[in-house]
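Each chain gets a letter, A, B and so on, in the order the sequences are listed, and its residues count up from 1. Keep in mind that this is a model prediction, so the values were computed, not measured. All values below were derived from every heavy atom in this structure, side-chain atoms included, with hydrogens, water molecules and symmetry-related copies excluded.
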Amino acid sequence: MAAVNGLTLGMVPLPSGNPSFSNHTLDANNDGIAFGFQARGAEPITHILVRYGLRTGTPPAFIATLEGMTTGGAPDAADVGGGSPTAKIFTPPADTTWDGTQQAIELTNPFTPARGQFLIATIRYSSGTIDASNNSTFTNEVAGLVGNLGFPCSQRLTAGTWAKRQSFPCFGIRTATTRYGSPMEALYNTRSASTVGHRQAVKFTLPAGSGTTKKVKGIRFFGSPAGVSAAKAPVIGLWSAAGTIQTVTFDSDFSTGANSSYLAYDIYFDEVTLTALNFGTAYYAGMEVADAVNGGVLLNGLQLDSADDLDAYPGGSNFHLSTFDGTNWADDATVRPFAELILDDVSSAAGGIVTGLIGGGLAR
Amino acid sequence: MAVSITCTSVRVINGKRYVRWSDKEELEFANLADAQAFVRNALTGDVLKAIGIARAIEAGNLNALQGRTITGDLAAAANIVRIA
(Lines give C-alpha, C1' and ligand atoms only; values in the text may rest on other atoms or scores of the structure.)
Protein backbone atom coordinates (compact mmCIF):
# COMPACT_ATOMS: atom_id res chain seq x y z
CA MET A 1 0.00 0.00 0.00
CA ALA A 2 1.22 3.47 -0.84
CA ALA A 3 -0.37 6.60 0.53
CA VAL A 4 0.19 9.96 -1.14
CA ASN A 5 -1.77 12.40 0.91
CA GLY A 6 -2.42 15.69 -0.85
CA LEU A 7 -1.47 14.40 -4.26
CA THR A 8 -1.91 17.18 -6.78
CA LEU A 9 -1.41 16.79 -10.49
CA GLY A 10 -0.32 19.97 -12.10
CA MET A 11 -0.57 23.51 -10.82
CA VAL A 12 -4.03 24.32 -9.57
CA PRO A 13 -5.61 27.45 -11.04
CA LEU A 14 -6.83 29.74 -8.30
CA PRO A 15 -8.99 32.52 -9.64
CA SER A 16 -8.63 35.53 -7.40
CA GLY A 17 -11.42 37.87 -8.21
CA ASN A 18 -12.83 38.06 -11.70
CA PRO A 19 -10.14 37.03 -14.17
CA SER A 20 -9.65 39.22 -17.22
CA PHE A 21 -7.43 39.02 -20.26
CA SER A 22 -4.42 41.27 -20.14
CA ASN A 23 -3.18 42.16 -23.59
CA HIS A 24 0.14 43.72 -24.54
CA THR A 25 0.10 46.33 -27.27
CA LEU A 26 2.71 45.86 -29.97
CA ASP A 27 2.70 49.30 -31.55
CA ALA A 28 6.43 49.87 -31.96
CA ASN A 29 9.15 47.91 -33.69
CA ASN A 30 10.82 47.13 -30.38
CA ASP A 31 7.75 45.65 -28.66
CA GLY A 32 7.03 41.97 -28.22
CA ILE A 33 5.85 39.16 -25.99
CA ALA A 34 7.42 35.92 -24.83
CA PHE A 35 6.60 32.78 -22.88
CA GLY A 36 9.24 30.88 -20.95
CA PHE A 37 8.53 27.17 -20.52
CA GLN A 38 10.04 23.73 -20.37
CA ALA A 39 9.66 21.07 -23.03
CA ARG A 40 7.60 18.15 -21.75
CA GLY A 41 9.31 15.64 -23.96
CA ALA A 42 11.44 15.17 -27.02
CA GLU A 43 8.53 15.46 -29.42
CA PRO A 44 8.85 18.05 -32.21
CA ILE A 45 7.15 21.35 -31.45
CA THR A 46 5.16 22.38 -34.51
CA HIS A 47 3.06 25.37 -33.40
CA ILE A 48 2.91 28.19 -30.91
CA LEU A 49 -0.62 28.85 -29.68
CA VAL A 50 -1.28 32.48 -28.87
CA ARG A 51 -4.43 34.45 -28.19
CA TYR A 52 -4.83 37.51 -30.37
CA GLY A 53 -6.29 40.45 -28.50
CA LEU A 54 -7.34 43.23 -30.82
CA ARG A 55 -6.32 44.66 -34.15
CA THR A 56 -6.03 48.36 -34.88
CA GLY A 57 -5.83 49.62 -38.46
CA THR A 58 -3.69 47.48 -40.73
CA PRO A 59 -1.47 45.38 -38.50
CA PRO A 60 2.14 44.84 -39.57
CA ALA A 61 3.78 41.43 -39.93
CA PHE A 62 5.09 39.74 -36.80
CA ILE A 63 7.52 36.90 -36.35
CA ALA A 64 7.12 33.95 -33.98
CA THR A 65 10.27 32.13 -32.91
CA LEU A 66 11.45 29.54 -30.44
CA GLU A 67 14.51 30.92 -28.72
CA GLY A 68 16.88 30.08 -25.95
CA MET A 69 17.25 32.09 -22.76
CA THR A 70 19.93 34.46 -21.63
CA THR A 71 21.47 33.92 -18.22
CA GLY A 72 18.99 36.49 -17.01
CA GLY A 73 16.04 34.53 -18.35
CA ALA A 74 15.23 36.85 -21.25
CA PRO A 75 14.97 35.67 -24.85
CA ASP A 76 18.46 35.41 -26.33
CA ALA A 77 17.33 36.33 -29.86
CA ALA A 78 18.86 33.13 -31.22
CA ASP A 79 16.56 30.74 -33.05
CA VAL A 80 16.95 27.32 -31.43
CA GLY A 81 16.36 25.78 -34.82
CA GLY A 82 19.71 27.05 -36.09
CA GLY A 83 20.02 26.08 -39.74
CA SER A 84 16.43 24.84 -39.68
CA PRO A 85 14.87 27.95 -38.23
CA THR A 86 11.62 27.84 -36.38
CA ALA A 87 10.86 31.51 -37.08
CA LYS A 88 7.59 32.09 -38.85
CA ILE A 89 6.37 35.42 -40.18
CA PHE A 90 2.64 36.00 -39.98
CA THR A 91 0.35 38.94 -40.61
CA PRO A 92 -2.92 39.38 -38.72
CA PRO A 93 -5.78 40.39 -41.01
CA ALA A 94 -6.85 44.01 -41.21
CA ASP A 95 -10.30 43.11 -39.93
CA THR A 96 -11.87 41.72 -36.79
CA THR A 97 -11.68 38.01 -37.59
CA TRP A 98 -8.75 37.33 -35.26
CA ASP A 99 -9.98 39.49 -32.38
CA GLY A 100 -10.32 37.47 -29.19
CA THR A 101 -9.35 34.19 -30.82
CA GLN A 102 -6.54 31.76 -30.33
CA GLN A 103 -4.19 31.46 -33.27
CA ALA A 104 -1.94 28.51 -34.01
CA ILE A 105 1.26 29.81 -35.57
CA GLU A 106 2.91 26.97 -37.44
CA LEU A 107 6.68 27.15 -37.14
CA THR A 108 8.67 27.18 -40.37
CA ASN A 109 10.51 24.08 -39.17
CA PRO A 110 9.47 21.93 -36.19
CA PHE A 111 11.96 21.91 -33.35
CA THR A 112 12.72 18.78 -31.36
CA PRO A 113 13.76 19.74 -27.84
CA ALA A 114 15.32 17.63 -25.14
CA ARG A 115 13.00 16.65 -22.33
CA GLY A 116 13.03 19.42 -19.77
CA GLN A 117 14.79 21.90 -22.04
CA PHE A 118 14.14 25.51 -21.11
CA LEU A 119 12.81 27.45 -24.07
CA ILE A 120 11.14 30.73 -24.76
CA ALA A 121 8.59 31.43 -27.46
CA THR A 122 8.60 34.98 -28.74
CA ILE A 123 6.48 37.20 -30.93
CA ARG A 124 8.15 40.34 -32.23
CA TYR A 125 7.63 42.90 -34.91
CA SER A 126 8.78 41.84 -38.36
CA SER A 127 7.91 44.35 -41.08
CA GLY A 128 5.37 46.91 -42.23
CA THR A 129 4.00 50.06 -40.71
CA ILE A 130 3.65 49.84 -36.96
CA ASP A 131 2.42 52.79 -34.95
CA ALA A 132 -0.49 53.93 -32.82
CA SER A 133 -2.87 53.51 -35.75
CA ASN A 134 -1.58 50.18 -37.05
CA ASN A 135 -0.87 47.58 -34.44
CA SER A 136 -1.99 44.47 -32.63
CA THR A 137 -2.46 43.37 -29.06
CA PHE A 138 -1.69 39.85 -27.91
CA THR A 139 -3.01 38.25 -24.75
CA ASN A 140 0.06 37.04 -22.97
CA GLU A 141 -1.49 36.72 -19.53
CA VAL A 142 -4.70 36.52 -17.54
CA ALA A 143 -5.07 38.85 -14.59
CA GLY A 144 -6.74 37.32 -11.56
CA LEU A 145 -5.96 33.71 -12.39
CA VAL A 146 -3.20 32.22 -10.26
CA GLY A 147 -1.15 34.96 -8.69
CA ASN A 148 2.57 35.46 -8.42
CA LEU A 149 3.87 32.79 -10.75
CA GLY A 150 7.57 32.16 -10.82
CA PHE A 151 7.81 29.83 -13.79
CA PRO A 152 6.56 29.26 -16.44
CA CYS A 153 6.01 32.91 -17.06
CA SER A 154 5.20 35.43 -19.70
CA GLN A 155 7.35 38.39 -20.59
CA ARG A 156 6.69 41.69 -22.27
CA LEU A 157 9.06 43.60 -24.50
CA THR A 158 8.39 47.31 -24.26
CA ALA A 159 10.60 49.83 -26.04
CA GLY A 160 13.36 47.23 -26.28
CA THR A 161 13.34 46.06 -22.66
CA TRP A 162 12.06 42.66 -21.55
CA ALA A 163 10.13 42.42 -18.29
CA LYS A 164 9.04 39.18 -16.66
CA ARG A 165 5.43 38.97 -15.54
CA GLN A 166 3.92 37.10 -12.62
CA SER A 167 0.36 36.72 -13.91
CA PHE A 168 -0.94 33.47 -15.38
CA PRO A 169 0.49 33.12 -18.89
CA CYS A 170 -1.84 32.59 -21.82
CA PHE A 171 -0.07 30.50 -24.43
CA GLY A 172 0.30 26.97 -25.67
CA ILE A 173 2.70 24.60 -27.34
CA ARG A 174 1.50 22.13 -29.95
CA THR A 175 3.12 18.93 -31.08
CA ALA A 176 1.78 16.25 -33.37
CA THR A 177 0.15 14.41 -30.49
CA THR A 178 -0.38 16.82 -27.61
CA ARG A 179 -0.60 20.34 -26.26
CA TYR A 180 0.92 21.96 -23.23
CA GLY A 181 1.24 25.34 -21.67
CA SER A 182 -2.07 27.04 -20.89
CA PRO A 183 -3.91 27.78 -24.12
CA MET A 184 -7.32 29.42 -23.87
CA GLU A 185 -9.68 31.58 -25.81
CA ALA A 186 -12.20 32.89 -23.29
CA LEU A 187 -13.45 32.45 -19.75
CA TYR A 188 -16.51 30.27 -19.25
CA ASN A 189 -19.03 32.25 -17.29
CA THR A 190 -22.44 30.98 -18.41
CA ARG A 191 -24.87 30.28 -15.61
CA SER A 192 -27.33 27.43 -15.96
CA ALA A 193 -31.02 28.01 -16.37
CA SER A 194 -32.83 28.41 -13.09
CA THR A 195 -34.63 25.16 -13.65
CA VAL A 196 -34.75 22.52 -10.95
CA GLY A 197 -32.66 19.53 -11.89
CA HIS A 198 -30.36 21.32 -14.32
CA ARG A 199 -26.67 20.71 -13.67
CA GLN A 200 -23.22 21.94 -14.56
CA ALA A 201 -20.45 19.45 -13.94
CA VAL A 202 -17.01 18.28 -14.86
CA LYS A 203 -17.27 15.00 -16.73
CA PHE A 204 -14.30 12.88 -15.81
CA THR A 205 -12.95 9.49 -16.67
CA LEU A 206 -9.89 8.06 -15.01
CA PRO A 207 -8.27 5.85 -17.61
CA ALA A 208 -9.08 2.17 -17.55
CA GLY A 209 -6.16 0.12 -16.38
CA SER A 210 -4.64 2.81 -14.19
CA GLY A 211 -6.52 1.46 -11.18
CA THR A 212 -9.43 -0.69 -10.19
CA THR A 213 -11.69 1.50 -8.09
CA LYS A 214 -11.69 4.95 -6.58
CA LYS A 215 -13.87 6.91 -4.17
CA VAL A 216 -14.59 10.60 -4.39
CA LYS A 217 -15.22 12.27 -1.05
CA GLY A 218 -15.50 15.82 -2.26
CA ILE A 219 -15.14 18.37 -5.01
CA ARG A 220 -13.14 21.55 -5.27
CA PHE A 221 -14.54 23.96 -7.80
CA PHE A 222 -14.67 27.62 -8.69
CA GLY A 223 -18.04 29.06 -9.45
CA SER A 224 -21.28 30.25 -8.03
CA PRO A 225 -23.90 28.00 -6.46
CA ALA A 226 -26.71 30.56 -6.44
CA GLY A 227 -28.17 33.12 -8.76
CA VAL A 228 -29.05 36.74 -8.06
CA SER A 229 -29.48 36.11 -4.38
CA ALA A 230 -28.24 33.66 -1.83
CA ALA A 231 -30.62 31.62 0.35
CA LYS A 232 -30.56 28.77 -2.11
CA ALA A 233 -29.88 25.12 -1.55
CA PRO A 234 -28.10 23.73 -4.59
CA VAL A 235 -27.09 20.11 -4.67
CA ILE A 236 -23.43 19.27 -4.99
CA GLY A 237 -23.40 15.93 -6.69
CA LEU A 238 -21.64 13.01 -8.21
CA TRP A 239 -23.51 11.31 -11.01
CA SER A 240 -23.10 8.68 -13.68
CA ALA A 241 -25.05 8.32 -16.89
CA ALA A 242 -27.31 5.95 -14.97
CA GLY A 243 -28.19 8.37 -12.20
CA THR A 244 -27.21 9.86 -8.86
CA ILE A 245 -24.31 8.37 -6.88
CA GLN A 246 -23.59 10.84 -4.08
CA THR A 247 -24.96 14.24 -3.12
CA VAL A 248 -24.83 16.84 -0.44
CA THR A 249 -27.09 19.87 -0.12
CA PHE A 250 -25.22 23.14 0.29
CA ASP A 251 -26.88 26.10 1.96
CA SER A 252 -25.62 29.00 -0.13
CA ASP A 253 -25.89 31.28 2.90
CA PHE A 254 -22.83 29.47 4.21
CA SER A 255 -20.82 30.97 1.36
CA THR A 256 -18.90 34.23 1.51
CA GLY A 257 -20.67 35.26 -1.70
CA ALA A 258 -22.92 32.61 -3.15
CA ASN A 259 -23.94 34.63 -6.18
CA SER A 260 -20.43 35.86 -6.99
CA SER A 261 -18.60 33.87 -9.64
CA TYR A 262 -15.03 32.61 -9.45
CA LEU A 263 -15.20 31.76 -5.76
CA ALA A 264 -13.51 28.58 -4.57
CA TYR A 265 -15.47 25.83 -2.86
CA ASP A 266 -14.33 22.66 -1.12
CA ILE A 267 -17.50 20.61 -0.59
CA TYR A 268 -17.60 17.09 0.82
CA PHE A 269 -20.30 14.47 0.39
CA ASP A 270 -22.20 13.34 3.46
CA GLU A 271 -22.86 9.68 2.69
CA VAL A 272 -21.69 7.38 5.45
CA THR A 273 -20.31 5.01 2.87
CA LEU A 274 -18.76 6.32 -0.30
CA THR A 275 -19.39 4.47 -3.55
CA ALA A 276 -16.53 2.71 -5.31
CA LEU A 277 -16.23 4.07 -8.84
CA ASN A 278 -14.73 2.28 -11.79
CA PHE A 279 -11.79 3.33 -13.89
CA GLY A 280 -12.66 3.70 -17.53
CA THR A 281 -16.20 4.87 -16.74
CA ALA A 282 -17.37 8.46 -17.11
CA TYR A 283 -18.80 10.28 -14.11
CA TYR A 284 -20.00 13.82 -13.50
CA ALA A 285 -19.15 16.03 -10.52
CA GLY A 286 -20.73 19.42 -10.06
CA MET A 287 -23.82 21.37 -9.02
CA GLU A 288 -27.56 20.91 -9.52
CA VAL A 289 -30.24 23.59 -9.39
CA ALA A 290 -32.68 23.09 -6.54
CA ASP A 291 -34.61 26.35 -6.71
CA ALA A 292 -36.55 27.59 -9.71
CA VAL A 293 -36.20 31.26 -8.71
CA ASN A 294 -32.68 32.66 -9.19
CA GLY A 295 -31.27 29.24 -8.48
CA GLY A 296 -29.05 28.87 -11.54
CA VAL A 297 -25.62 27.40 -10.87
CA LEU A 298 -22.32 28.32 -12.48
CA LEU A 299 -19.20 26.24 -12.78
CA ASN A 300 -16.48 28.55 -14.07
CA GLY A 301 -13.87 27.31 -16.46
CA LEU A 302 -11.60 27.96 -19.40
CA GLN A 303 -13.13 28.15 -22.86
CA LEU A 304 -10.66 26.58 -25.26
CA ASP A 305 -10.26 26.98 -28.99
CA SER A 306 -10.64 23.26 -29.59
CA ALA A 307 -11.11 20.02 -27.69
CA ASP A 308 -7.51 19.09 -28.51
CA ASP A 309 -6.34 21.87 -26.20
CA LEU A 310 -7.69 19.91 -23.22
CA ASP A 311 -4.43 17.99 -23.45
CA ALA A 312 -2.72 20.97 -21.85
CA TYR A 313 -4.68 20.59 -18.61
CA PRO A 314 -4.79 17.90 -15.92
CA GLY A 315 -6.87 14.97 -17.02
CA GLY A 316 -6.59 15.93 -20.66
CA SER A 317 -9.55 15.00 -22.81
CA ASN A 318 -10.96 12.98 -19.90
CA PHE A 319 -11.95 16.13 -17.97
CA HIS A 320 -14.36 18.63 -19.52
CA LEU A 321 -17.69 20.38 -19.02
CA SER A 322 -21.01 18.63 -19.27
CA THR A 323 -24.45 20.09 -18.61
CA PHE A 324 -27.68 18.33 -17.75
CA ASP A 325 -31.11 19.60 -18.77
CA GLY A 326 -33.11 17.29 -16.56
CA THR A 327 -33.11 14.53 -19.15
CA ASN A 328 -29.83 14.38 -21.02
CA TRP A 329 -26.21 15.22 -20.45
CA ALA A 330 -24.59 17.41 -23.13
CA ASP A 331 -20.80 17.45 -23.32
CA ASP A 332 -18.74 20.50 -24.18
CA ALA A 333 -15.20 19.27 -24.75
CA THR A 334 -13.95 22.80 -25.33
CA VAL A 335 -14.49 23.91 -21.74
CA ARG A 336 -12.22 22.82 -18.88
CA PRO A 337 -14.03 23.67 -15.64
CA PHE A 338 -12.07 24.84 -12.63
CA ALA A 339 -13.01 21.64 -10.84
CA GLU A 340 -11.06 18.91 -9.13
CA LEU A 341 -11.82 15.69 -7.38
CA ILE A 342 -10.96 15.15 -3.75
CA LEU A 343 -10.28 11.45 -3.58
CA ASP A 344 -10.86 9.23 -0.60
CA ASP A 345 -8.80 6.43 -2.04
CA VAL A 346 -7.69 4.80 -5.22
CA SER A 347 -7.24 1.06 -5.32
CA SER A 348 -4.75 -0.27 -7.78
CA ALA A 349 -4.91 -3.68 -9.37
CA ALA A 350 -2.26 -4.79 -6.91
CA GLY A 351 -4.30 -3.53 -3.97
CA GLY A 352 -2.35 -0.35 -3.33
CA ILE A 353 -4.15 2.75 -2.12
CA VAL A 354 -3.37 6.39 -2.65
CA THR A 355 -5.28 9.37 -1.39
CA GLY A 356 -5.28 12.94 -2.47
CA LEU A 357 -6.52 15.57 -4.82
CA ILE A 358 -6.79 15.31 -8.57
CA GLY A 359 -5.84 18.80 -9.50
CA GLY A 360 -6.89 20.93 -12.40
CA GLY A 361 -4.85 23.71 -13.76
CA LEU A 362 -1.85 24.97 -15.51
CA ALA A 363 -0.03 21.81 -16.39
CA ARG A 364 0.05 18.10 -15.96
CA MET B 1 8.28 57.84 -4.90
CA ALA B 2 5.77 58.75 -7.56
CA VAL B 3 3.89 56.10 -9.46
CA SER B 4 1.59 57.02 -12.26
CA ILE B 5 -0.13 55.51 -15.24
CA THR B 6 -2.16 57.13 -17.98
CA CYS B 7 -5.24 55.67 -19.58
CA THR B 8 -4.64 55.99 -23.31
CA SER B 9 -7.71 54.37 -24.84
CA VAL B 10 -11.13 53.06 -23.94
CA ARG B 11 -12.95 51.10 -26.59
CA VAL B 12 -16.11 49.03 -26.86
CA ILE B 13 -15.95 46.53 -29.71
CA ASN B 14 -18.47 43.76 -30.18
CA GLY B 15 -19.67 44.27 -26.64
CA LYS B 16 -16.23 43.83 -25.12
CA ARG B 17 -14.60 46.61 -23.13
CA TYR B 18 -10.94 47.40 -23.77
CA VAL B 19 -9.00 49.78 -21.55
CA ARG B 20 -5.46 50.59 -22.63
CA TRP B 21 -2.73 52.09 -20.47
CA SER B 22 0.47 53.96 -21.07
CA ASP B 23 2.51 50.86 -20.23
CA LYS B 24 0.88 49.27 -23.31
CA GLU B 25 -1.25 46.89 -21.28
CA GLU B 26 -4.81 46.63 -22.52
CA LEU B 27 -7.29 44.92 -20.22
CA GLU B 28 -10.10 43.11 -21.97
CA PHE B 29 -13.50 42.50 -20.40
CA ALA B 30 -16.17 40.31 -21.94
CA ASN B 31 -18.87 42.78 -20.96
CA LEU B 32 -19.67 45.70 -18.69
CA ALA B 33 -20.52 43.46 -15.75
CA ASP B 34 -17.10 41.83 -15.89
CA ALA B 35 -15.40 45.22 -15.91
CA GLN B 36 -17.45 46.34 -12.92
CA ALA B 37 -16.65 43.13 -11.09
CA PHE B 38 -12.96 43.72 -11.72
CA VAL B 39 -13.17 47.19 -10.18
CA ARG B 40 -15.27 46.02 -7.27
CA ASN B 41 -12.85 43.25 -6.45
CA ALA B 42 -9.94 45.66 -6.57
CA LEU B 43 -11.63 48.21 -4.34
CA THR B 44 -12.67 45.63 -1.79
CA GLY B 45 -9.13 44.34 -1.67
CA ASP B 46 -6.26 46.35 -0.31
CA VAL B 47 -6.62 49.36 -2.58
CA LEU B 48 -8.70 51.46 -0.21
CA LYS B 49 -6.47 50.59 2.72
CA ALA B 50 -3.39 51.37 0.64
CA ILE B 51 -4.73 54.82 -0.13
CA GLY B 52 -5.37 55.42 3.53
CA ILE B 53 -1.98 54.11 4.59
CA ALA B 54 -0.22 56.26 2.00
CA ARG B 55 -1.81 59.35 3.51
CA ALA B 56 -1.53 58.32 7.12
CA ILE B 57 2.09 57.31 7.28
CA GLU B 58 3.39 60.67 6.20
CA ALA B 59 4.92 62.78 8.94
CA GLY B 60 2.33 65.16 10.29
CA ASN B 61 -0.51 62.95 9.16
CA LEU B 62 -0.19 60.20 11.69
CA ASN B 63 -3.64 60.82 13.10
CA ALA B 64 -5.16 62.44 10.05
CA LEU B 65 -7.16 59.43 8.95
CA GLN B 66 -8.23 57.98 12.25
CA GLY B 67 -12.00 57.95 12.33
CA ARG B 68 -12.38 58.84 8.69
CA THR B 69 -14.01 56.60 6.10
CA ILE B 70 -12.56 55.80 2.70
CA THR B 71 -15.25 54.99 0.16
CA GLY B 72 -14.99 53.45 -3.26
CA ASP B 73 -18.12 54.11 -5.26
CA LEU B 74 -18.64 52.67 -8.72
CA ALA B 75 -21.65 54.91 -9.23
CA ALA B 76 -19.59 58.09 -8.96
CA ALA B 77 -17.12 58.02 -11.82
CA ALA B 78 -15.87 61.52 -11.12
CA ASN B 79 -15.06 60.72 -7.53
CA ILE B 80 -14.61 56.98 -7.37
CA VAL B 81 -12.55 57.07 -4.20
CA ARG B 82 -13.18 59.65 -1.53
CA ILE B 83 -12.20 60.19 2.07
CA ALA B 84 -14.80 61.64 4.41
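Looking at heavy atoms from C-beta onward, A/His24 lies out of side-chain contact with A/Arg165 at the 4.5 angstrom threshold. Here the side chains of A/Ser182 and A/Tyr313 are in contact, with some heavy-atom distance below 4.5 Å.
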Do A/Trp162 and A/Ile120 pass the side-chain contact (heavy atoms from CB on, under 4.5 Å) test, and can you show the C-alpha distance, the side-chain angles, and the key distance before you say yes or no?
CA-CA 12 Å; A/Trp162 286 104; A/Ile120 192 158; over 6 Å; no
For residues 55-65 of chain A, which side-chain donor-acceptor pairs fall under 3.5 Å, sequence neighbours excluded?
from: A/Arg55; atom 1: NE; to: A/Gly57; atom 2: O; distance (Å): 3.0
from: A/Arg55; atom 1: NH2; to: A/Ala94; atom 2: O; distance (Å): 3.1
from: A/Thr56; atom 1: OG1; to: B/Arg11; atom 2: NH1; distance (Å): 2.9

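Side chain of A/Gln200 to main chain of A/Thr190: a donor-acceptor pair is present (N/O by atom type, distance under 3.5 Å, no hydrogens or angles). Using a distance-only test at 3.5 Å, with no hydrogens or angles considered, a donor-acceptor pair links the side chain of A/Arg336 to the main chain of A/Ala339.
Contacts from residues 127-138 of chain A to chain B, taken as heavy-atom pairs separated by less than 4.5 Å, involve A/Asn135, A/Thr137 in sequence order.
Once rounded to the nearest 0.5 Å, the distance linking CZ of A/Arg156 with CG of A/Asp31 reads 11.0 Å.
In this structure, no portion of A/Asn140 lies under 4.5 Å from any heavy atom of chain B. Looking at A/Thr158, the atoms closer than 4.5 Å to chain B (heavy atoms on both sides) all sit in the side chain, from C-beta outward. Neither the backbone nor the side chain of A/Ala186 comes within less than 4.5 Å of any heavy atom of chain B.
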